Trainee: 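Let me begin by handing over the structure; questions about it come next.
All figures in this text were calculated on a predicted structure; none of them were measured in a lab. Order of the sequence lines sets the chain letters (A, B, ...), proteins ahead of strands, with each chain counted from 1.
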There are 2 protein chains.
Amino acid sequence: MTAQKSTPSAVSRSASTRKRTRIQQEKEQLILEAALDVFSRHGFRGSTIDQIAVQAGLSKPNVLYYFRTKEAIHRRLIDRLLDNWLEPLRGINEDGDPLSEIQSYIRRKLELARDYPRESRLFANEILQGAPHIQEELHDLRDLVERKSKIINDWIKAEKIANCDPKHLFFSIWATTQHYADFDAQIRVVLGPTEDGDDRFENAARFLDQLFVDGLRK
Amino acid sequence: MTAQKSTPSAVSRSASTRKRTRIQQEKEQLILEAALDVFSRHGFRGSTIDQIAVQAGLSKPNVLYYFRTKEAIHRRLIDRLLDNWLEPLRGINEDGDPLSEIQSYIRRKLELARDYPRESRLFANEILQGAPHIQEELHDLRDLVERKSKIINDWIKAEKIANCDPKHLFFSIWATTQHYADFDAQIRVVLGPTEDGDDRFENAARFLDQLFVDGLRK
DNA sequence: GTAAAGTTTGACCATATGGTAAAATTTTGT
DNA sequence: ACAAAATTTTACCATATGGTCAAACTTTAC
C-alpha cells in the first residue's frame with residue numbers, strides 16, 4: 001500500500017465534488033437508515049455509534065469511515081428530514097379553496113406522522129433539546145411560515161375563513177398531527193388495544209377535520 | 001465511627017418509614033430542582049449526575065448520598081410531575097357547562113405549559129423515548145381518561161356539544177397546549193422577537209379558545 | 001460536653017463511548 | 001492479471017460517566 005499520504009476516506013471524497021462509488025452510496029444509505037432508527041428512539045445523546053453500527057450490520061470503525069463523526073450522521077439525517085417535512089406547507093396554494101387547502105394540509109401532515117414517525121420523533125427530539133443543530137434551517141422555516149401566513153391573512157381579509165392568528169393556526173396543526181407520532185407511547189396506552197394502527201389515524205383524521213373546519217369556517 | 005454496619009444513608013432512611021431530617025428535606029428539594037432543570041434540557045441519557053450536582057452546588061457523591069442512582073432522581077421527578085400534570089383533567093366537572101368546562105381545561109393546561117415548561121419537557125422527553133419509566137403511571141392516566149371520556153360522551157348524547165371522539169379531543173388539547181412548552185425553540189424562531197413571552201401565551205389562548213369552542217359548539 | 005447519628009468529601013474503579021491508526025482485504029479500471 | 005484505490009477490520013487510546021468506599025467533618029440529642 002502507498003504510505004505517501006493519509007488513509008483514503010469516503011468522507012473527504014463525498015465532501016469534495018468527485019463522484020461517489022456504488023459501495024459508498026449503498027453503505028451511506030444503510031447507515032442513515034439505521035441511524036434514523038436509533039436516533040429517533042434514543043435521541044442524539046442517548047444513541048451510540050455502536051448501536052447504529054450493529055443496526056446497520058457494520059463495524060463501528062466502518063461506520064466512521066463513511067461519516068467522520070456521530071454528529072455528521074445526525075446532521076445529514078436532519079437535512080434530509082426537513083426537505084420532506086416542509087413539503088406540505090409549501091404546497092398550500094393561495095388560489096385554491098381556503099378550507100380545502102387547510103384541510104388537505106392537515107391530512108398530508110397526518111399522513112407524514114403515520115408513515116414517517118421516526119422522522120417526526122427525530123425532529124421532536126431536536127427541538128426539545130433547544131434545536132442546537134438546526135438554527136439555520138429554522139430560519140428557512142420562519143420565512144416559509146411568513147409567506148404562508150400572508151396567504152391565510154388574505155383569505156381572512158376576503159372573509160373566506162374566520163379571523164385567526166395564522167401562525168398559531170400552523171402551530172396547532174403541527175402540534176395535533178405530529179402528536180400522533182411523537183406521543184405514540186402515550187396514545188397506545190390511552191386508546192388500548194381496541195383501536196389498531198389504521199383505525200387510530202382514521203379517527204384522528206376525522207376528528208381533526210371536524211375541529212379545524214368547523215373552527216375556521218366563516 | 002461505628003463500623004458494625006454499612007454507611008448510614010439518607011436513601012434507606014427515607015425509604016423506610018422513619019422521619020427525615022431537616023437537611024435531608026432541604027437537600028432533596030435542591031437536588032430535584034437542579035435535576036428538573038438538567039433533565040428537561042438534555043433528556044435522561046443526555047444528563048449527567050455531575051451536571052445535576054454542579055447545578056445544585058453539591059458534589060457528585062453528595063448527590064448520590066440522597067438518591068441511590070440517577071434513575072432514582074428521575075423517577076421521583078416524574079412521580080411529582082404527574083400529580084400536578086393530571087390535576088386539570090381531574091377537575092373537569094360533569095355538572096358544569098360543557099363548553100365552559102372544556103374551555104377552562106384548555107386554559108389551565110396552557111397555564112401549566114407557560115408556568116412549568118420544564119415539567120412539560122421532562123414528560124415529553126420520557127414519552128418520546130417510549131415511556132420506559134412510567135408504564136404504570138400511564139395506566140392511571142388511561143383510567144382517568146376513560147372516566148372523563150364518559151362525561152364528554154354524555155354531553156354529546158345530551159346534544160350539548162358537537163359529536164366527536166372524546167379521546168382524540170383530549171389528544172388535541174394536550175398536543176396544542178404542551179406544544180408551546182415542548183417546541184418553544186421552534187416557536188421562538190417562527191414568531192421572532194416581536195411577540196414576547198406573555199403576548200405569545202395570550203395569543204395562543206385566544207386562538208385555542210376560538211378553535212375548540214367553535215369546533216365543538218353544537 | 002460528648003457520643004451517636006447524619007453529612008460531606010477526595011480518591012477511586014469499572015465500564016462505556018467517541019474516535020484513531022495502520023494493517024489486511026476487496027473492488028475497480030485497464 | 002495487476003496495480004491503484006477503496007473498503008473493512010483489529011487493536012487501540014483518551015475521556016466521560018455512573019457509582020463506591022472509607023475517612024473527615026457537622027449536627028443533634030442528651
Side-chain angles (χ1 to χ4, degrees), chain A residues 1-16 18-31 34-35 38-39 42-76 133, chain B residues 1-16 18-31 34-35 38-39 42-76 133:
Chain A
M1 171 193 245
T2 59
Q4 75 205 64
K5 56 189 314 188
S6 60
T7 314
S9 141
V11 176
S12 59
R13 202 153 272 277
S14 64
S16 79
R18 242 170 298 179
K19 66 173 181 287
R20 281 136 81 182
T21 67
R22 173 185 58 86
I23 292 179
Q24 253 173 70
Q25 301 246 16
E26 289 172 6
K27 292 291 165 73
E28 280 181 14
Q29 289 314 308
L30 192 66
I31 292 168
V38 175
F39 280 138
H42 308 294
F44 181 77
R45 258 309 289 283
S47 303
T48 71
I49 302 178
D50 248 327
Q51 284 173 54
I52 296 170
V54 167
Q55 179 91 2
L58 301 173
S59 67
K60 184 170 69 163
N62 201 2
V63 167
L64 287 166
Y65 172 72
Y66 291 101
F67 294 89
R68 213 184 281 285
T69 63
K70 184 172 138 180
E71 253 202 77
I73 306 177
H74 191 253
R75 202 175 289 266
R76 275 280 289 281
H133 304 107
Chain B
M1 171 194 246
T2 59
Q4 74 206 62
K5 55 187 319 188
S6 60
T7 314
S9 139
V11 176
S12 60
R13 202 154 273 277
S14 64
S16 79
R18 242 171 298 179
K19 65 173 180 287
R20 282 138 80 181
T21 68
R22 173 184 59 84
I23 292 179
Q24 255 172 68
Q25 302 246 17
E26 289 172 7
K27 292 291 166 73
E28 280 182 14
Q29 290 314 309
L30 193 66
I31 292 168
V38 175
F39 280 137
H42 308 294
F44 181 77
R45 256 313 285 285
S47 304
T48 71
I49 302 178
D50 249 327
Q51 286 173 53
I52 295 170
V54 167
Q55 179 92 3
L58 302 174
S59 67
K60 185 168 69 161
N62 201 2
V63 167
L64 286 166
Y65 172 71
Y66 291 101
F67 294 90
R68 211 184 284 285
T69 63
K70 182 173 140 181
E71 253 201 76
I73 307 177
H74 191 253
R75 202 175 289 267
R76 276 279 289 281
H133 304 107

Trainee: Which atoms form the tightest heavy-atom contact between His133(B) and Arg75(B), and what is the distance?
Mentor: O-NH1, 4.3 Å

Trainee: Lys70(B) NZ to dT17(D) P: how many Å, rounded?
Mentor: 9 Å

Trainee: Calculate the interatomic distance between Leu64(A) atom CG and dA22(C) atom P; express it in whole Å.
Mentor: 17 Å

Trainee: Using a heavy-atom distance cut-off of less than 4.0 Å, which residues of residues 45-60 of chain B contact DNA chain D?
Mentor: Ser47(B), Thr48(B), Ile49(B), Lys60(B)

Trainee: Which residue, Pro61(A) or Glu71(B), contacts DNA chain D at a nucleotide closer to its 5' end, judged by nearest heavy atom?
Mentor: Pro61(A)

Trainee: Mind checking the CD-CD1 spacing from Glu28(B) to Ile73(B)? Nearest 0.5 Å is all I need.
Mentor: 10.5 Å

Trainee: Take the protein atom CD1 of Ile31(B) and the nucleotide atom C1' of dT7(C), then report the distance between them rounded to whole Å.
Mentor: 12 Å

Trainee: Using OP1 and OP2 only, check whether a side-chain N or O of Gln24(A) sits under 4.0 Å from dT7(D).
Mentor: yes

Trainee: If you only use heavy atoms from C-beta on, which nucleotide in dT20(C), dT7(C), dT9(D) is closest to the side chain of Tyr65(B)?
Mentor: dT7(C)

Trainee: Any non-hydrogen side-chain atom of Thr48(B) less than 4.5 Å from a side-chain atom of Arg45(A)?
Mentor: yes

Trainee: So which heavy atom on Leu64(B) is nearest to which on Thr69(B), and how close?
Mentor: CD2-CA, 4.2 Å

Trainee: Between the two ends of the helix from dG1(C)-dC30(D) to dT30(C)-dA1(D), what is the bend in degrees, rounded to 10 degrees, where each end axis spans five pairs?
Mentor: 30°

Trainee: Go through Leu30(B) and Tyr66(B) one step at a time and tell me if the side-chain contact (heavy atoms from CB on, under 4.5 Å) criterion holds.
Mentor: CA-CA 11 Å; Leu30(B) 193 66; Tyr66(B) 291 101; over 6 Å; no

Trainee: Specify the closest pair of heavy atoms between Gln51(B) and Gly46(B), including all atoms of both residues, with the distance to one decimal.
Mentor: NE2-O, 3.7 Å

Trainee: Does a side-chain N or O of Asn62(A) approach OP1 or OP2 of dT7(D) to a distance below 4.0 Å, or not?
Mentor: no

Trainee: If I take atom CD in residue Glu28(A) and atom C1' in nucleotide dA6(D), what distance separates them, rounded to the nearest angstrom?
Mentor: 13 Å

Trainee: side-chain contact (heavy atoms from CB on, under 4.5 Å) for Val63(B) and Lys70(B)? Distances and angles first, verdict last.
Mentor: CA-CA 9 Å; Val63(B) 167; Lys70(B) 182 173 140 181; over 6 Å; no

Trainee: For a 4.5 angstrom cut-off between non-hydrogen side-chain atoms, does Ile49(A) reach Phe67(A)?
Mentor: no

Trainee: Please give, in whole Å, the distance from dC25(D) P to Ile23(B) CD1?
Mentor: 17 Å

Trainee: Grab the CD1-C1' distance between Ile73(A) and dG19(C) for me, whole Å please.
Mentor: 12 Å

Trainee: Measure the distance from NE2 on His42(B) to P on dA16(D) and round it to the nearest whole Å.
Mentor: 16 Å

Trainee: Has Tyr66(A) got a side-chain N or O lying under 4.0 Å from the OP1 or OP2 atom of dT8(D)?
Mentor: yes

Trainee: Taking side chain as C-beta onward, heavy atoms only, is Ile52(B) less than 4.5 Å from Phe39(B)?
Mentor: yes

